[in-house]
Amino acid sequence: TQTLRPVHVGFMLFLSFLLFPVAARFRDRARWWDWAAALVSGGIIAYLLAGGDDFTDRATTPNRWDLILGVALIVLVLEATRRTSGWVMPAVVLGFIAYALLGPQLPAPWTHRGYDMDRLVGHMFMTLEGIFGTAVDVSSTLIILFTIYGAFLQYSGAGKFYIDFSFAAMGNKPAGAGRTVVLASFLLGGPSGSGVATTVTLGAVAEIEIAPGPNQVSRENGKRRVVVTANVRGRDIGSFVTEAEQRIRESVKGPAGYWT
């Protein structure tokens, strides 16, 4: 665990900086600063591993290099998160870090004694409870296996076969789309027996696209009808239909001869 988690984080950071550009206009290729960030990430992880037990033992009293590299790793993790998932998660993390550092300056009831940079970096960088916590443990021992399994299915063609087979078997039946997803999920996730694994694997081998449009167009007694289907959860169907009809009337303004 002491080695696996940092190595996993190092690989993820290295790939994140090379695969996700710092801005959309640089997406054509990796720039020198991407390589620099990736190499610095690998160097910090190598420093951590080379320290061994002495490194973890001084988590409560980190030295100058521990502080410098710890702050650098926190910044790199935040930047990799911003590149891959946007500003929301880094903003939340920065808010909590600010709360930890500025506790004495906050008004009641949010005030607390505060944490200095030594303790913050020691906890986040030098223990298995910060950056290298439980989430990384799950990712490095379980999710990575299903990701590799999904990549194997994708590039070997087995995943496409499962999905095409599901479409062929269920696509022409009532509620064929739902049955197709269920059958594909069974074929892809059956070997693992895990719902999370099914989601990860199916996402790796299938391209999912949501396109707005009518579900069905029919004509009856000279009238053209557009049918839109929806799944209802957490409420009764009657109230949903009433609200949907009201919103459609308010938002859809058809030409003369059309009614909603």
Side-chain angles (χ1 to χ4, degrees), residues 1-23 26 30-144 147:
T1 298
Q2 195 72 34
T3 302
L4 177 62
R5 296 186 191 182
V7 169
H8 182 73
V9 171
F11 271 113
M12 293 302 102
L13 290 176
F14 193 88
L15 293 176
S16 296
F17 287 121
L18 295 184
L19 296 178
F20 294 89
V22 67
F26 301 122
R31 307 299 175 122
W32 66 266
W33 52 79
D34 299 321
W35 281 102
L39 293 175
V40 170
S41 302
I44 294 175
I45 298 301
Y47 170 84
L48 186 156
L49 297 176
D53 293 337
D54 292 338
F55 176 81
T56 56
D57 289 343
R58 63 175 184 267
T60 55
T61 56
N63 59 35
R64 177 177 297 180
W65 277 110
D66 296 337
L67 288 175
I68 294 174
L69 297 181
V71 171
L73 184 65
I74 293 173
V75 172
L76 289 170
V77 169
L78 290 174
E79 170 60 14
T81 305
R82 184 198 66 81
R83 293 188 181 199
T84 55
S85 60
W87 275 105
V88 175
M89 186 62 70
V92 172
V93 174
L94 288 173
F96 278 105
I97 291 177
Y99 177 72
L101 296 175
L102 304 177
Q105 285 76 40
L106 297 176
W110 299 283
T111 185
H112 59 84
R113 66 183 183 85
Y115 296 89
D116 56 20
M117 188 61 69
D118 290 6
R119 184 168 181 181
L120 182 65
V121 171
H123 179 80
M124 296 292 293
F125 174 55
M126 305 176 70
T127 70
L128 296 180
E129 298 177 359
I131 294 175
F132 310 108
T134 304
V136 171
D137 183 38
V138 174
S139 177
S140 61
T141 57
L142 296 176
I143 295 179
I144 187 65
T147 305

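Only heavy atoms go into these numbers, but all of them, side chains included; no hydrogens, no water, no symmetry mates.
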Is [Y] close to [X] at the side-chain level, that is, under 4.5 Å between some pair of heavy atoms?
X	Y	value
Leu76	Ile44	yes
Met124	Ile97	no
Thr127	Thr56	no
Ile74	Val93	no
Phe17	Glu79	yes

Kindly say whether [Y] contributes a backbone atom to a donor-acceptor pair with the side chain of [X] at under 3.5 angstrom?
X	Y	result
Arg113	Pro104	no
Ser139	Ala135	no
Arg5	Phe132	yes
Ser140	Asp137	yes
Tyr99	Trp110	yes
Thr111	Pro107	no

Legend entry - Stepwise side-chain contact (heavy atoms from CB on, under 4.5 Å) check, Leu15 with Phe20: CA-CA 8 Å; Leu15 293 176; Phe20 294 89; over 6 Å; no
Inset, instruction - Starting from the C-alpha separation in whole Å, work towards a yes-or-no answer on side-chain contact (heavy atoms from CB on, under 4.5 Å) for Arg82 and Leu78. - result: CA-CA 6 Å; Arg82 184 198 66 81; Leu78 290 174; over 6 Å; no
What is the distance from atom [atom1] of [X] to atom [atom2] of [Y], rounded to the nearest 0.5 Å?
X	Y	atom1	atom2	value
His8	Thr3	NE2	OG1	14.5 Å
Ile45	Leu73	CD1	CG	5.5 Å
Thr60	Arg119	OG1	CZ	10.0 Å
Leu69	Leu48	CG	CG	9.5 Å
Tyr47	Ile68	OH	CD1	9.0 Å
Gln2	Leu128	CD	CG	4.5 Å

Inset, instruction - Would you indicate whether Asn63, at its atom CG, is surrounded by more than 12 heavy atoms from other residues, nucleotides or ligands within a distance under 6.0 Å? - result: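 More than 12 within 6.0 Å, yes.
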Inset, instruction - Flag the pair Phe55 / Trp65 as yes when their ring centroid distance falls below 6.0 Å, and as no otherwise. - result: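 Between Phe55 and Trp65, the centre distance exceeds or equals 6.0 Å.
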Legend entry - Geometric class of the Trp33/Phe26 ring pair [parallel <30°, tilted 30-60°, perpendicular >60°]: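 Correct class here is perpendicular.
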Inset, instruction - Verify side-chain contact (heavy atoms from CB on, under 4.5 Å) between Leu4 and Thr141, making sure each step is shown before the conclusion. - result: CA-CA 9 Å; Leu4 177 62; Thr141 57; 3.7 Å; yes
Legend entry - N-O pairing of Asp34 and Arg83 below 4.0 Å: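 Salt bridge between Asp34 and Arg83, a charged N being under 4.0 Å from a carboxylate O: yes.
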Inset, instruction - Might you work through the side-chain contact (heavy atoms from CB on, under 4.5 Å) test for Asp66 and Val121, ending with a clear yes or no? - result: CA-CA 8 Å; Asp66 296 337; Val121 171; 5.6 Å; no
Inset, instruction - Locate the shortest heavy-atom distance separating Leu49 from Val7; write the atom from each residue and the value. - result: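 Shortest heavy-atom contact: CD1-CG2, 3.8 Å.
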Legend entry - Heavy-atom pair with the smallest gap, counting every atom of His123 and Glu129: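 Answer, listing the atom of His123 first, then Glu129: CE1-OE1, 3.3 Å.
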